[in-house]
Amino acid sequence: IGCGHPRLTPTDSKPMAMSLPGTGPHRFWGFSPSYDVRDAMSPAEGAQRMAALLVCPGDVRHVLHTLAAARAGEGPEVDLAFHVYEEAPECLARHLLLLSIALDFELPRRERAEVFLEVWANTMVRERTAAYVATRAQELRRLLSREEGPLADLVDLSSLKMKDRDALEDVMRTWLEGVPFESEKLRDERLRAFYKDRYDHRRNVLDWDYSMGLAETAPVVHRVHFRDWRLTGVAFELRDASYEAPNRSLASQAAGRQRGASVLKRGFWGDIVNSPYGALGAECDDDRFFQKRSDQYVKTACDVAYYNVVGWFHRLETGRAFQVKQEDFEDFAYGSSVGRSGLLQGFLRGDQTGPKPREQLEGVPEGASDEEAGECGGEARASAEAAESAKRLAQLRELAQRRLRALPRFRVVLHSGRILDLFGRAKLAGALGHVHLGSHMAHLLAAPLSQVLGERATVAVEGTRFLVEVHREAKQRFVDKVTQLGERAGLAAPAGAVDGKHASTVRFAYARADERARKEAAEAKYGAHSEGGAEGAPAAASGGEGDCAVDIAALAIADSPAAEKGGGAGAGAPAPDEIVRPPAPAAATTTRTGPGATLPDAIGAPAAKVCVITGLPAKYRDPKSGHYYANLDAFKELRRRMADAAPAAEDGGVPEHAPAGVDPAAASGNHAGTSGKGPEVEPEVRQPPLVTSTGGVTRRLNKVV
């Protein structure tokens, strides 16, 4: 339904991605402003370490914001640990790319900010930027394979399996120059599939989206910038620059159905509707950027984003806050480094000729004049000039090393795989002071978050303020349902009513001592679970749910390896419009909470034919437990839980993992005729082959068994 190819139907297991076709299955940027995660924590007195979990944030804005504030001496001086989880390897690889660009102190600060924004949001980039990304890709591949390079001491890869590292390396290999990626053509396919009959009138559609969406929630975003991004995919453009190279870091593979077969198609599967301006260009700490003249803002979202990024880099390098002098404020704008103003100077100008970025920038210190910049790059020089250039290069690299050593003590821990397994890891038990959930991951409020939260912690859920696909009423319903999910999970909701149209995040407070009391209060307030898919999922609001673009009554759909790999499609999953959402269990299951607690079932026993493991439409039924399942991975997981619950059933107890409404004897495998001898051997489930497609050539990944 509008995810790239007219005949390709995506089968992403996330209900939000399916309800928002313009957003796409992969989110390469966030939809909420950055914040200092330390401000959201409540560490114990004398604590020396703070840890936060960022679930599908889209980019590294929260990490950079926190590091910049810590480098400037704002807040307590503690060790920071950022646990970052992304579903798609392409999104996780972009975290490394953006972090490496931000910490590349050999690149001049303001030019680095321009490159950062260009790689972060533009579909097309300059040739020099594409070459620079290729050099960063080579360094990151060395980090993954040998754990060497500038980021080796800052990035923790121990939580990634070797197959996850291989997937990241495969992604980075596609960033090299010469790898084909027709971003303009692939994005146009997305646009045609999204607009359908309105494609020729898309200017009118985007004008409506701006007037009824961003004009109210982010008026600093200029209409012209929003229009150009919707039409071309270029959000940040330097004047007199030519954008002819594809941004290969935005290429990804999405699972779907094409001509009746499950496929993984490489293309552009990111956002084509909402724009990236909400993440970095909607808010900043300088009110001058939001002043008006003749009812027009004096600055734009591009300038605000540029100010934020330059401010982060300035703090990281100097440890001092960044301020624009009043006499320089008029000239401060994105792209001013390639203009005639004397305030900024750039070295990746699109109209320049010469070597590639790394060759051109080596030996050029921050603030060098045009004459000095010309002396440092170019063709082979005389021996005296070459020696001077080598000396400057050595000095620049030494300066970059000193700046790296001056950074706050922190580690970025990368996570991938099944999200529910993350909550059961022993090293995260009770260790987190803050959890950030992307808007499309809000259903994880019904997951056992208390297992990883500390005695006192906070949880922030990204709102829908900058999602133009979501109407005003739907934004408020989203906030109301997220609030209900949080209260049912034992979290303290924000004081007062939350305005869904203007709320960037919904923040909750957590105290382990008050968890049980808050759950009981929520049950008394909202009643017992009668609808929704997962334990703690809210009931759908009566009436009008069909038009809610972010209907989170389906937030209980759980993650599974099969769903992430497109296995749900192979098991006969229908198109997203035909997804059957599981009803609530008959009674809430009894689960333990706290660190080290056993992971409960993601979904209770459904009355409809819905997989109890993945939440996808089920095609098969387990004869022992009576549960429906979607594919082979779900069948194995179901039998594993039955095997784990068997010892408790033999002792006469109720299996803790048994889904609600299920006979304990059935869940434990003690059926008549089996005498409790354990599960019988079941025939393997036949599945259609998984096919990869890059155009006219396809390849089968597995055979029909």
Pairing residues for Glu330 by the salt bridge (charged side-chain N to carboxylate O under 4.0 Å, His left out) criterion, not counting sequence neighbours
Arg293
Residues in side-chain contact (heavy atoms from CB on, under 4.5 Å) contact with Thr318, at least two apart in sequence or another chain
Arg109, His314, Arg320
Test: salt bridge (Lys or Arg N to Asp or Glu O under 4.0 Å). Region: residues 242-252. Which pairs qualify, not counting sequence neighbours?
none
Among residues at least two apart in sequence or on other chains, which ones pass salt bridge (charged side-chain N to carboxylate O under 4.0 Å, His left out) with Asp36?
Arg38
Excluding sequence neighbours, so at least two apart, what forms salt bridge (charged side-chain N to carboxylate O under 4.0 Å, His left out) with Glu86?
none
Excluding sequence neighbours, so at least two apart, what forms side-chain contact (heavy atoms from CB on, under 4.5 Å) with Pro494?
Val498, Val506, Phe508
Qualifying residues under salt bridge (charged side-chain N to carboxylate O under 4.0 Å, His left out), relative to Asp271, sequence neighbours excluded
none
side-chain hydrogen bond (donor to acceptor under 3.5 Å, both in side chains) with Thr505: which residues, sequence neighbours excluded?
Arg507
Would you please name every residue forming a side-chain contact (heavy atoms from CB on, under 4.5 Å) with Ser275, sequence neighbours left out?
Leu214, Phe226, Trp229, Tyr277
Excluding sequence neighbours, so at least two apart, what forms side-chain contact (heavy atoms from CB on, under 4.5 Å) with Glu473?
His471, Arg477
Can you list the residues that meet the ring-ring contact (aromatic ring centres under 6.0 Å, His included) rule with His225, with sequence neighbours excluded?
His222
Of Arg230, Arg223, Arg202, Arg227, which is the lone residue that meets side chain to side chain donor-acceptor pair (under 3.5 Å) with Asp207?
Arg223
Quick one: ring-ring contact (aromatic ring centres under 6.0 Å, His included) partners of His434, sequence neighbours excluded?
Tyr35
